[in-house]
Amino acid sequence: MKRIELAKSAGFCYGVRRAVELAERAAGGGEPCVMLGPIIHNRDVVGRLARAGVRTVDRPEEVPEGCAVLIRSHGESRAVHEGLAARGVKVMDATCPNVTRIHQIVSQAEQAGRVPVIVGAPDHPEVAAIAGWCQAPVVVAGAEDLEQWLDGGPGRRQLPLTFVSQTTSTKKIWEGCVKKAKKECTNAEFFDTICGATSTRQEEARQLAQKCGMMVVVGDRHSSNTRRLGEICREYCPSVQLIERAEELDVSQLSQVDKVGITAGASTPAWIIKEVYDKMSDEIMEIEKSFAELLEESIKTLNNGDKVTGTVVAITPTEVQVELGIKYPGYIALSELSDDPNAKVEDIVKVGDEIESIVMQVSDRDCLVKLSKRRLDINKGWEEIEAARENETVVEGFVTEDNKGGVVVSVKGVRVFVPASQTGLPRETPMTELLKKKVRLVITEVNRARRRVVGSISRVQRAERAAAAEKVWAEIEEGKRYTGTVKSLTSYGAFVDIGGVDGMVHISELSWSRIKHPSEVVKVGDTVDVYVIAADREKKKISLGMKDHSQDPWSVLTSTYQVGDTANVRIVKLMTFGAFAEVVPGVDGLIHISQLADHRVEKPGDVVAEGDRVDVKIIDVDMENKKISLSIRALLEEGGAQQPEQEEAEEQAAPEQEQPEEQAGEPAAEE
């Protein structure tokens, strides 16, 4: 009993369907329009469009004035787009989104100083269009061409190369080039731009060819996509017919096999496939599934809320385009892709991936299906939320809203309310501090009927802090160093969180310099390096230090100054008997009241104030008792002693002729 099997992905792909539908709308739109080159590689489709009024022109110059132009699915070069724009021509761009993405890749690569390498047929219009988006591309048909190009000039193997592929190329050709480049090139990057729908179609053809005695490939012979399918089928099936129309089918060969497989190129319309089926139906006793059923599947109607699975065929800055295997393409807006506001599209899905989603809207007017992965995740999320509540497991989510009562966290797409008392924030801290942040929480209440879920962040924080504290106490020892966070300040020191446990850095251990308040050195939220001075496990108290004891201030002093040197110091404290001044951080010297000036001083505040910087002379250093004596007076007296000497020198240098005049005059007393 003979059987026939039709490949699931036979016929129009998303890009071709989109281009044809755009052309059909242009034909019925009432305004004149032409196609710049055949919109797809199928003469029957192009002929039908021409009869509907949308004829083909070969060059941009042939577009009549006042006429719109339809850019074919293969795309056009940058120069063509710019030329049409300069003329003010209305453009209807039917370029396949996958091809547009390649234009962007090669353009950006060349702007970054890289050399675009296009793997594909050099004479294919898609390849020509891609090459038209860069200045000096390299086009190779396969690994052999690549090797010849690499051998054709010195230093080519060291060039920064960016590889892309014609969307309808085969994986075998692409992988051959990648293997060669990775082996021989030192600076290459690769973008597998073979269309996901093309890969799926080719894989289906390969699997079907392996189990059929004969394969029929339907499609235009000028279509690269169709020719590739024929090549793949011939690798695995002894008998392959590549035909454009039903009349080309050799039915005499059907009697020689038990099972026949049918596949069709991406540019082959359903009505041509049906013609082939009708001709074969008289020869085939049984079919695995009637063409009518298969055709019905391709145009089946979807309803809102239906769960569907499709293949990602393109990713744009605003949406993900999905091939659903029906007459309309599917679109997932980026806002409907994930509930994570920080998620990157490339981390969630890639071209060629299968993706599950829910139908939000089917628009016959716009010929598209709006989908949502996020809402499907929400449905699954409710089940996970209920399980988390029952098992008391920790979940993660992003804070999306805040209000007076607390915050809203999105967990698996489900809104979870966290009361202010359970956010883990200090009472004075605004809820906005948590917005867009990732948090961990436990679910404390679930009411699916009322769509109410309550959670607690602080409960997780307390549990995690307790576990961290237990670990700290188990490992803590004197001298051990930690990186901590300043949690609060008091007049006598700073409390630092070293990972679940707070330790106190006394004000004297914050800095070698004399300070009045810890805020002069640190502030709440600072990350600081500390070490353990002492730890009392029974009282759960930890004393920490921050200042570096490896730098002895007295050693710094003696290596910087000697007795008799002048130093610029800062007054840090006034006493009745004098003033203390910081010479170097950690070393204060005394300026006795008798040394504050070259005259009698009633009290130190009459001549200096805290914070003043003054020059002093170091008159004594007592290393044994760690005392240093300073003097302002000594510097002043040294300055005063120099003045008489200077006056005497000036008198000796005065002109001699002036002396007689003084002697000839009358004595001053007599005057």
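Remember, it's a predicted structure, so these values are computed and weren't measured experimentally.
- The nearest pair of heavy atoms linking A94 to L22 is CB-CD2, 3.8 Å.
- W473 carries K540 over the face of its six-membered ring, with the cationic atom under 6.0 Å from the centre and within 45° of the normal.
- H506 NE2 to S543 OG: the interatomic distance, rounded to the nearest 0.5 Å, is 9.5 Å.
- A distance-only check finds no donor-acceptor pair linking the side chain of S165 to the backbone of T193 [under 3.5 Å].
- Checked by atom type and distance alone, the side chain of K350 pairs as donor or acceptor with a backbone atom of E346 at under 3.5 Å.
- The environment of NZ in K480 is crowded: more than 12 heavy-atom neighbours from other residues, nucleotides or ligands sit within 6.0 Å.
- W133 and H81 have tilted rings, their planes meeting at an angle from 30° to 60° on a 0 to 90° scale.
- Using a 4.0 Å cut-off between charged nitrogen and carboxylate oxygen, E401 and K436 do not count as a salt-bridge pair.
- With hydrogens and angles disregarded, a donor-acceptor distance shorter than 3.5 Å links the side chain of N403 to the backbone of G406.
- For the residue pair A494 and V522, the shortest heavy atom distance occurs at CB-CG2, 4.2 Å.
- Nearest heavy atoms, I118 versus P137: CD1-CB, 4.1 Å.
- Rounding to the nearest 0.5 Å gives a distance of 5.5 Å between CE of M360 and OG of S372.
- Looking only at distances, no side-chain donor or acceptor of S73 sits under 3.5 Å from a matching main-chain atom of C96.
- Within the 4.5 Å cutoff, the side chain of V320 has heavy atoms near those of the V345 side chain.
- Comment: D502 engages R465 in a salt bridge, judged by a side-chain N to carboxylate O separation of less than 4.0 angstrom.
- Contact check on K380 versus E383 returns no salt bridge, with no Lys/Arg side-chain nitrogen under 4.0 Å from an Asp/Glu carboxylate oxygen.
- Side-chain contact check for T485 versus V496: every heavy-atom pair is 4.5 Å or farther apart.
- Taking the side chain as every heavy atom from C-beta outward, K171 and I194 approach each other to under 4.5 Å.
- At a threshold of 4.5 Å between non-hydrogen side-chain atoms, the residues V486 and V528 count as touching.
- Scanning both residues, G75 and H103, for their nearest heavy atoms gives CA-CE1, 4.4 Å.
- With hydrogens and angles disregarded, no donor-acceptor distance shorter than 3.5 Å links the side chain of K523 to the backbone of S519.
- No side-chain heavy atom of I355 sits under 4.5 Å from any side-chain heavy atom of T309.
- Here the straight-line distance linking atom CD1 of I173 with atom CD of E175 works out to 11.0 Å at 0.5 Å rounding.
- R374 is not listed as a side-chain neighbour of I358, based on a closest heavy-atom distance of 4.5 Å or more.
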- Might you work through the side-chain contact (heavy atoms from CB on, under 4.5 Å) test for T432 and V407, ending with a clear yes or no? CA-CA 9 Å; T432 52; V407 296; over 6 Å; no

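- In terms of modelled atom types and a separation under 3.5 Å, the side chain of T423 and the main chain of A420 share a donor-acceptor contact.
- Panel note: side chain R440, backbone I457; no donor-acceptor pair is recorded below 3.5 Å.
- Of the possible polar contacts, none joining the R415 side chain to the S410 backbone as a donor-acceptor pair under 3.5 Å is found.
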- Message: Assess the residue pair Y531 and E509 against the criterion (side-chain contact (heavy atoms from CB on, under 4.5 Å)); give the C-alpha distance rounded to whole Å, side-chain angles, the decisive distance to 0.1 Å, and a yes or no.
- Response: CA-CA 10 Å; Y531 54 90; E509 289 294 332; 3.6 Å; yes

- Item | Worked verdict on E203 versus Q207 for side-chain hydrogen bond (donor to acceptor under 3.5 Å, both in side chains) | CA-CA 6 Å; E203 179 59 23; Q207 294 180 4; 2.8 Å; yes

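- Other residues, nucleotides and ligands contribute at most 12 non-hydrogen atoms within 6.0 Å of the CZ atom of R450.
- There is no side-chain donor-acceptor pair under 3.5 Å between R375 and S357.
- Residues Y331 and K370 have side chains not in contact (no heavy-atom distance under 4.5 Å, counting atoms from C-beta outward).
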- Would you check, one step at a time, whether the test side-chain contact (heavy atoms from CB on, under 4.5 Å) holds for V446 with W382? CA-CA 9 Å; V446 178; W382 273 103; 4.2 Å; yes

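- Here the shortest heavy-atom pairing between P553 and P585 reads CB-O, 3.3 Å.
- With respect to E610 and R570, no salt bridge is recorded, no charged nitrogen being found less than 4.0 Å from a carboxylate O.
- A donor-acceptor contact shorter than 3.5 Å links the side chain of E126 to the backbone of T167.
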- Going through the distances and angles, do R72 and T95 end up as a side-chain hydrogen bond (donor to acceptor under 3.5 Å, both in side chains)? CA-CA 6 Å; R72 56 187 170 178; T95 305; over 6 Å; no

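- At distances below 3.5 Å, not a single donor-acceptor pair connects side-chain atoms of Q321 with backbone N or O atoms of I315.
- Salt bridge K373/E336: absent, no basic N to carboxylate O contact under 4.0 Å.
- Within 6.0 Å of the CD atom in E354, the count of heavy atoms belonging to other residues, nucleotides or ligands does not exceed 12.
- With rounding to the nearest 0.5 Å, the separation of CZ in R114 from CG in N187 is 4.5 Å.
- Geometric assessment of K182 against the ring of F163 yields a negative cation-pi assignment under the 6.0 Å and 45° thresholds.
- In the displayed structure, E445 atom CD is contacted under 6.0 Å by more than 12 heavy atoms of other residues, nucleotides or ligands.
- Taken to the nearest 0.5 Å, the CD1 atom of I130 stands 10.5 Å off from the NE2 atom of H74.
- Note that the CD1 atom of I102 and the CD atom of Q166 stand 8.5 Å from one another [nearest 0.5 Å].
- Across all non-hydrogen atoms, the minimal contact from V521 to M546 is CG1-CE, 4.4 Å.
- Side-chain contact between N391 and T393 is present, with at least one heavy-atom pair separated by less than 4.5 Å.
- Around the CD atom of Q158, the shell of radius 6.0 Å holds more than 12 heavy atoms that belong to other residues, nucleotides or ligands.
- With respect to the salt-bridge test (charged N to carboxylate O, under 4.0 angstrom), the residues K471 and E475 qualify.
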- Item | Residues T162, V117; criterion side-chain contact (heavy atoms from CB on, under 4.5 Å); working and verdict | CA-CA 6 Å; T162 296; V117 180; over 6 Å; no

